[in-house]
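Indexing begins at 1, ligand by ligand and atom by atom, following the structure's order. Heavy-atom basis, side chains included; hydrogens, waters and symmetry copies ignored. Since the structure is predicted, the reported quantities are computational estimates derived from the model, not experimental observations.
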Amino acid sequence: MLSIALPKGRLGDKVYNMMTAAGYECPDYADNDRKLIVESPDAGMRYLLVKPSDVAVYVEHAAADIGIVGKDILMENEPDIYELLDLGIGKCRMCVAGPVGFEYDQEKTLRVATKYVNVAKKHFMEENRDIEIIKLNGSIELGPILGLTDVIVDIVETGTTIKENDLEIVEAFKDISARLIANKASFKFKNKEITQMTEKLREIVRGDNA
Ligand code: PRP
């Protein structure tokens, strides 16, 4: 049996639809309300429903063989896993956003609110900017509104959240999407099953993009 860590919520539902199309249906998934593990012995699958930011933790530590996770989280945490496939869903962009009309001032330390501390550090280091990071865990957009920071680094999907909060994109610096990942040992010992699933999903991704 293969165990797969799926992100709970919107992305998880999209991924589950792809899994169903690939032949890995699990009737209990659709009926499920609160259970964190659902199984389909017929499809040889065990689905673990976890917080999106924890998917790679389960996979890295072999609590799940494979998982689906946003590239944003892989960039931030750099887990020791194999990245097998870009699923082409959950698309968004990693951005710097600031108040409308914001311009960088090289003379000043840039204050940045983000939950992507490592991503932000790396990005501004490449731009040679002097920064101070304030880590927030959500509602990042409040940083500039309250004068806590100059800008934010966050993912932008439709752009609605920043717009509603009078912010705009200063720079979009990385395209993000959901990735299929595998535990390194599982990839070795369950190679046939994992490769088969990867190929089936690849066909579906190709079909979606055709
Ligand atoms: C993300 C992100 C933004 C929002 C962007 O938050 O942090 O707040 O989505 O989406 P939009 O451009 O379509 O408005 P998410 O919904 O993942 O919740 P979180 O704040 O709990 O991370």
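Close N/O approach between E157 and ligand 1 is found [any backbone or side-chain N/O within under 3.5 Å]. Any N or O atom pair closer than 3.5 Å counts here, and I162 shares no such pair with ligand 1. On a distance-only criterion, T161 and ligand 1 share at least one N/O pair closer than 3.5 Å.
If you number the atoms of ligand 1 from 1 as listed, the ones under 4.0 Å from a heavy atom of V156 come out as 12 (O). Ligand-side atoms of ligand 1 in range of T158: 11 (P), 12 (O), 13 (O), 14 (O), range being under 4.0 angstrom from any heavy atom. Residue contact check: T160 has heavy atoms under 4.0 Å from atoms 12 (O), 14 (O) of ligand 1. Taking every heavy atom of D154 and a limit of under 4.0 angstrom, the matching atoms of ligand 1 come to 2 (C), 3 (C), 7 (O), 8 (O). Interface atoms of ligand 1 facing G159, defined by a heavy-atom separation under 4.0 Å, are 11 (P), 12 (O), 13 (O).
Counting only heavy atoms, the protein never gets under 4.0 Å from atom 9 (O) of ligand 1. Protein heavy atoms are absent from the 4.0 Å sphere centred on atom 6 (O) of ligand 1. Remark: atom 15 (P) of ligand 1 lies closer than 4.0 Å to no protein heavy atom.
Between F124 and Y104, the ring planes lie perpendicular to each other; the angle is over 60°, past the 30° to 60° tilted range.
Using a 4.5 Å heavy-atom cutoff, the side chains of E60 and K184 are not in contact. Inter-residue side-chain proximity for K71 and E83 is flagged as met; some heavy-atom pair is nearer than 4.5 Å. Taking the side chain as every heavy atom from C-beta outward, L110 and I131 approach each other to under 4.5 Å. In this structure, D166 and I145 have side chains that are not in contact, with every pair of non-hydrogen atoms separated by 4.5 Å or more.
Of the candidates R10, K115, K163, E164, K115 brings a heavy atom nearest to atom 19 (P) of ligand 1.
There is a side-chain donor-acceptor pair under 3.5 Å between S177 and R179. Between the side chains of Y116 and D72, at least one donor N or O lies within less than 3.5 Å of an accepting N or O. In this model, a donor atom of one side chain and an acceptor atom of the other lie less than 3.5 Å apart for D13 and Y29.
Ligand 1 lies less than 4.0 angstrom from a heavy atom belonging to E141. Under a 4.0 angstrom heavy-atom cut-off, I155 registers as being in contact with ligand 1.
Under the 6.0 Å cut-off for aromatic ring centres, Y16 and Y47 qualify, their centroids lying closer than that.
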